[in-house]
Participant: 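Mind looking over this structure? Questions follow.
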Number of protein chains: 2
Amino acid sequence: MRNPAPTGSARARDVMATRSKPAAEETNRRADIVRAAGRLFHAKGYSATTIRDIAGAVGMRSGSPFYHFKTKQDMLRAVVLEGLTAISTAVAVAAHSGKSPRATFEAMLRAHLGQLLGVEGRDFAATLLHESRHLDPEVQAELVELKDRYEAMWQKALKDLKRAGLIADDSQVARLFLLGALNWTVQWYRPDGSRTIEQIARQLADLVIGKPQRL
Amino acid sequence: MRNPAPTGSARARDVMATRSKPAAEETNRRADIVRAAGRLFHAKGYSATTIRDIAGAVGMRSGSPFYHFKTKQDMLRAVVLEGLTAISTAVAVAAHSGKSPRATFEAMLRAHLGQLLGVEGRDFAATLLHESRHLDPEVQAELVELKDRYEAMWQKALKDLKRAGLIADDSQVARLFLLGALNWTVQWYRPDGSRTIEQIARQLADLVIGKPQRL
DNA sequence: TGCTACCAAGCAAGCGCTTGCTTGACAAGC
DNA sequence: GCTTGTCAAGCAAGCGCTTGCTTGGTAGCA
């Protein structure tokens, strides 16, 4: 009786994402499942990915993941939440880096693309973008606030650019075009291709703002 | 024995899309299935859509669609092909409208968005964008040429704009950004929303080129 | 009579998920 | 130092259901 007897549900610590510890104390096996699920959801899509796929990817039998997650939906939820918090954090850090408006904007582009295309956790963000619709409505509602906050960061970034006289249009549609261009990179970017994430971010910044003028 | 006896397969005229007649002579019921499949594939995704869903949507029993299509994959193929040929045709018409570079470009944007968001056949184009990966590789290879041709049209459009001095960057990445902004509209455009397709096309043209200057 | 277009019924495989049980690690009691 | 109890983590088996697809038959039209 070391712990004060959880919630009543016999097994599975189900909650997650409302935990106190930052990570690391995460059981590891649970994190393994989330990683494998993210990779497979991204590669094949949620519906086309089976529990047996995920279990096999971490060397388990098909029933065992359900010790860690109540349902397959919960796995998707974990993946998407991971992606959303990770990309939010990364871009928020870039947004408050205190550089010039243009440098800040470019840093935000790099952060977004890094989460989407980089090695670590790229499947989380990609799954977030393309498989969120398979979450049932209650969970989607849970995400709305986080998403809104994320989009507000970009809206503010555009406002700052306009105030600095670097762009002409900081409307909502302009933000949607920008995020569209960013998110669509998932469809064509190849890590072994000729373009680096930094180059892509730079080029998009040039496109939106124009080349930086040396004074 | 009106046709020279197809391939040997007993039922289903399977081929399609390599037909001589343009449409209209299409059995109607087969076209119904393609429309329903497109709508459902777009709404729920290919894997999450069942044959029973599609059959039910056209008032058939679950086995009957297989009179018209050999497999579920073939239905997806028909939807995607329909989407790709339709959007290619629409944009090609706009590209050769003989107007000014800017007006031509904006017409192409309208055509692309019209296919993607408009009423007629929007599910075909949307399915093309998001569900093509569920086609097996041979069919995907079949589409590559068509896709390349489509992208080349946009590349040429950018080249013309640059030659006219209206944009600075006509690189491939610029084209990918542009198509990303366009294709991402599927995620946020609502037909009953406050923005029309024309407005969106205009705004994107402004963003890429800058507001038109009255001489 | 023959062909088109469909239905009624159902098959084999695979699906998400549950159940009862095993295993290894660790701590408490004697 | 050995037993005993507890717990996290997983396995083996399989349940009920759904899936894509098949098959044999037939109503209606030409």
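Naming: A, B, ... by sequence-line order, numbering from 1 per chain. Please read these numbers as outputs of a predicted model, since none were measured by experiment. Hydrogens, waters and symmetry mates are skipped; everything else that's a heavy atom, side chains included, is used.
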Participant: In this structure, how many angstroms lie between the C1' atom of C:dC6 and the CZ atom of B:Arg30, rounded?
Facilitator: 16 Å

Participant: If I take atom CD in residue A:Gln73 and atom P in nucleotide C:dC15, what distance separates them, rounded to the nearest angstrom?
Facilitator: 17 Å

Participant: Go through D:dG20, D:dA9, C:dC17 for me and flag the one nearest to the A:His68 side chain.
Facilitator: D:dA9

Participant: So for A:Arg52 and C:dG16, does any side-chain atom that can act as donor or acceptor lie under 3.5 Å from a complementary atom in the base?
Facilitator: yes

Participant: Expressed as a whole number of angstroms, how long is the span from B:Phe66:CZ to C:dT4:C1'?
Facilitator: 19 Å

Participant: Rounded to whole Å, how long is the line connecting atom NZ of B:Lys72 with atom P of D:dT18?
Facilitator: 16 Å

Participant: Exactly one of A:Asp53, A:Thr50, A:Thr49 should register a side-chain hydrogen bond (donor to acceptor under 3.5 Å, both in side chains) with A:Lys44. Which one does?
Facilitator: A:Asp53

Participant: Rounded to the nearest Å, what distance is computed from the CD1 atom of residue A:Ile51 to the P atom of nucleotide D:dC11?
Facilitator: 14 Å

Participant: Using whole Å, report how far CD1 of B:Ile33 lies from C1' of D:dC21.
Facilitator: 14 Å

Participant: For B:Ser62, answer base if it contacts any base atom (sugar-phosphate contacts may also be present), sugar-phosphate if it contacts only those atoms, and nothing otherwise; contact means non-hydrogen atoms under 4.0 Å.
Facilitator: base

Participant: Taking the six-membered ring of B:Tyr189 (Phe, Tyr or Trp), confirm whether the NZ or CZ of B:Arg195 is under 6.0 Å from its centre and within 45° of its axis.
Facilitator: no

Participant: Looking at B:Tyr46, is B:Arg133 sitting on its ring face, NZ or CZ under 6.0 Å from the six-membered ring centre and within 45 degrees of the normal?
Facilitator: no

Participant: Is A:Tyr67 close enough to D:dA9 that one of its side-chain N or O atoms is under 4.0 Å from OP1 or OP2 there?
Facilitator: yes

Participant: If you check every side-chain atom of B:Thr50, which of C:dG16, D:dG14, D:dT19 has the closest atom?
Facilitator: D:dT19

Participant: To the nearest Å, how far apart are B:Phe69 CZ and C:dA5 P?
Facilitator: 13 Å

Participant: For DNA chain C, whose closest nucleotide is more 5', that of B:Met60 or that of B:Gly63?
Facilitator: B:Met60

Participant: In this structure, how many angstroms lie between the P atom of C:dG16 and the CG atom of A:Leu40, rounded?
Facilitator: 12 Å

Participant: Verify, without hydrogens or angle tests, whether B:Glu106 (side chain) and B:Ala205 (backbone) share a donor-acceptor contact under 3.5 angstrom.
Facilitator: no

Participant: By nearest atom, which of the nucleotides D:dG20, C:dG10, C:dC6 is closest to the B:Arg29 side chain?
Facilitator: C:dC6

Participant: Give a yes-or-no answer on whether the side chains of B:Asp74 and B:His68 include a donor-acceptor pair shorter than 3.5 Å.
Facilitator: no

Participant: Quick one: which of D:dG20, C:dC7, C:dA5 gets closest to the side chain of B:Arg61?
Facilitator: C:dC7

Participant: Which of the following nucleotides, C:dC17, C:dG10, D:dC11, is nearest to the side chain of A:Ser64?
Facilitator: D:dC11

Participant: B:Thr49 near the nucleic acid: base, sugar-phosphate alone, or nothing, with a heavy-atom cut-off under 4.0 Å?
Facilitator: sugar-phosphate

